[in-house]
Number of protein chains: 2
Amino acid sequence: MARRPAEPEVIWDRPQRATRGPRPAYTRADIAAAAVRIADEGGLDAVTMRHVAAELGCATMSLYNYVPRKEDLYELMVDLVGGEYALPDKPSGHWRADLTDLARQARAMMHRHPWVPRLMSPVYGFSPNALAYLEYALSCLDGLEGTYGAKLELVAMVNGLVTAYVANELATAERDRSLPWPPEREHAVRSAYLGRALASGRYPRLAASLVENEGPIDLDGAFDRALERLLNSFEKTLGGTDGPGGSEGTGGSDGSGGSGGAGA
Amino acid sequence: MARRPAEPEVIWDRPQRATRGPRPAYTRADIAAAAVRIADEGGLDAVTMRHVAAELGCATMSLYNYVPRKEDLYELMVDLVGGEYALPDKPSGHWRADLTDLARQARAMMHRHPWVPRLMSPVYGFSPNALAYLEYALSCLDGLEGTYGAKLELVAMVNGLVTAYVANELATAERDRSLPWPPEREHAVRSAYLGRALASGRYPRLAASLVENEGPIDLDGAFDRALERLLNSFEKTLGGTDGPGGSEGTGGSDGSGGSGGAGA
DNA sequence: GCGCACTACGTACGTCGTACGTAACTAGGA
DNA sequence: TCCTAGTTACGTACGACGTACGTAGTGCGC
């Protein structure tokens, strides 16, 4: 396509291949994959136009033939990992199990791609793979009462829960990779500060709760508990009993980030 | 303090005033306030060392006498708005009402300072004002059964809910401020794309739920519903009946971002 | 087979965070 | 009392960043 003027454009509306001119050297998927590789390896801040171009083996400015702005590159990345979900052809009929599986897939995907929570937002929530994800999630609730709006609200809440939890789980690890000194030094300094603050006696309850959590925190357990509680809270509103099983999910295999949330 | 070597340091451990040398021209609060003003006005990306310095009326590099790294400036900002919470001396004794009020304050604060969700993370979760917030939130649950760990889990979940919801509420508005073209153009293009995608018939349920939500979405209502559901889901686990009132909160006045989450 | 739309790439500009050198200032120890 | 060491203030400079723009080469549609 010609030189981009200052015109808004949705990346998904651009044709992948123009009718005229030389054969493009890369596909959109190539570029997204390169960016994802870089982000996985070096964090989101390592995703620069120059780096991605180098990873692909082309000149920096050539990227702008495929991606008008860096924002669009982010959009490609989110959509690409959104394709990692293993969406069954049909829901199992047990909505709790299906949503639990989706949530665990999403969490696993974000652990594989720790930069995803930073990009998650309704802004990127309608990419092709995100649309497929949302439609499937809604289809899991097909037998239930309630409006589609209410169902979408549930899906949005599950997505929000996943994003919030994983963002918390990853926060310090993600910070560590951009420190000018070794992470252990940072941890030592910060926990020394926290220890001194708690020792002041002004925060007895907080001190108690942190001492209780001594030892490795059971992040998986906390996540599953939170998710189960959330689904419980919808059980009455939406009616339906999910068939036999209660709250057991199918175990997270692979997945990626649809964002959800009503954006109209 | 002397030229900073590559040494980790928690900003809260630095003395505000050195024992020797000229009287500093600004306080840490001055600087944080200037940065917050800029972020409120022009978005988080407008917070650059040069801008903040200009706002204060000093040279760029002078800021580094107060703030060793830009990250620390962010930490100051989060703590400052964290001081906007109106924390009563004592909880009312109705934990649901108290937590509802806290959540609404947090939401209101984030709407006043739309950049806060982007900075929210356990990394900044132990600034002085965040500690006070967490301790107060835990004290609201004093009468209830359950370990402090479980209570902290509730507080973390409420914070996560607030952050996730407000981030969604603000996402498109925050994106709009950094577009190279008018937001209306962007909206037009994106909703044209979405309309075409939905008209394809491949996403019937999603299409139905978005049509249902035609007209102005009741964000306040959705938030309150989600919050109420979340608190409901803890009612059995933690026992206790909250006294007379059910789920009515006190209305949000002012508040700021403690982050919560166990970080030991 | 000619022309035009497209790809490719280098150069260049304005921005960012911040390392570093230098000058002015102030409190503690002599 | 004065000296000096530690601190504040500020300018310059460097290597990143996103990306506007010019130019050269390529291959489809007429």
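Convention: sequence-line order gives letters A, B, ...; per-chain numbering from 1.
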Pairwise N/O distances under 3.5 Å, protein to nucleotides 24-27 of chain D:
none

**Request:** Measure the spacing between CG of A:D72 and CD of A:E9 and express it to the nearest 0.5 Å.
**Result:** 8.0 Å
**Item:** Whole-Å gap separating C1' (C:dG17) and CG (B:L63)
**Value:** 12 Å
**Item:** Side-chain heavy atoms of A:E186 within contact of A:T172, under 4.5 Å
**Value:** no
**Prompt:** Residues two or more places apart in sequence or in another chain: which of them pass side-chain hydrogen bond (donor to acceptor under 3.5 Å, both in side chains) with B:D176?
**Reply:** B:H187
**Proximity to the side chain of A:C58 - top-ranked nucleotide from C:dT7, D:dT12, C:dC9** = C:dC9
**Residues A:D30 and A:T27: side-chain donor-acceptor under 3.5 angstrom** = yes
**Request:** Starting from C1' on C:dC16, measure out to NZ on A:K70 and report it in whole angstrom.
**Result:** 13 Å
**Prompt:** OP1 or OP2 of C:dA8 sitting under 4.0 Å from any side-chain N/O of A:Y64?
**Reply:** no
**Fill in**
Separation of C:dA19 atom P from B:M61 atom CE, nearest Å, is 7 Å
Please set out all donor-acceptor pairs under 3.5 angstrom arising from side-chain atoms of residues 51-59 of chain A, sequence neighbours excluded.
from	atom 1	to	atom 2	distance (Å)
A:H51	ND1	A:A46	O	2.9
A:H51	ND1	A:T48	OG1	3.4
A:E55	OE2	A:R37	NH1	2.4

**Prompt:** Who pairs with B:R20 by side-chain hydrogen bond (donor to acceptor under 3.5 Å, both in side chains), at least two apart in sequence or on another chain?
**Reply:** none
**Message:** Here's a test of your reading of the structure: between B:T19 and A:T60, which maps to the more 5' nucleotide of DNA chain C?
**Reply:** A:T60
**Prompt:** Could you state the interatomic distance from CH2 (A:W12) to CZ (B:R190), rounded to the nearest 0.5 Å?
**Reply:** 10.0 Å
**Asked** Base, sugar-phosphate, or nothing: which does B:Y26 touch, judged by heavy atoms less than 4.0 Å apart?
**Response** nothing
**Asked** Taking atom P of D:dT8 as reference, at what distance in whole Å does atom CG of B:D30 sit?
**Response** 15 Å
**Request:** With sequence neighbours excluded, tell me which residues meet salt bridge (charged side-chain N to carboxylate O under 4.0 Å, His left out) with B:R50.
**Result:** none
**Message:** Between B:Y66 and D:dT8, is there a contact of a side-chain N or O with OP1 or OP2 at under 4.0 Å?
**Reply:** no
**Prompt:** Within the structure shown, what part of the strands sits under 4.0 Å from B:S62 by heavy-atom distance: base, sugar-phosphate, or nothing?
**Reply:** base
**Prompt:** Just how far, in rounded Å, is C1' of D:dC17 from CZ of A:R69?
**Reply:** 16 Å
**Request:** Could you check how far CG of A:L56 sits from P of C:dT7, rounded to whole Å?
**Result:** 15 Å
**Asked** Going by number, which of residues 37-54 of chain B have a non-hydrogen atom under 4.0 Å from DNA chain C?
**Response** B:V47, B:T48, B:M49, B:R50
**Request:** Taking only Lys NZ, Arg NE, NH1 and NH2, and the carboxylate oxygens of Asp or Glu, determine whether B:E7 and A:R185 approach each other closer than 4.0 Å.
**Result:** yes
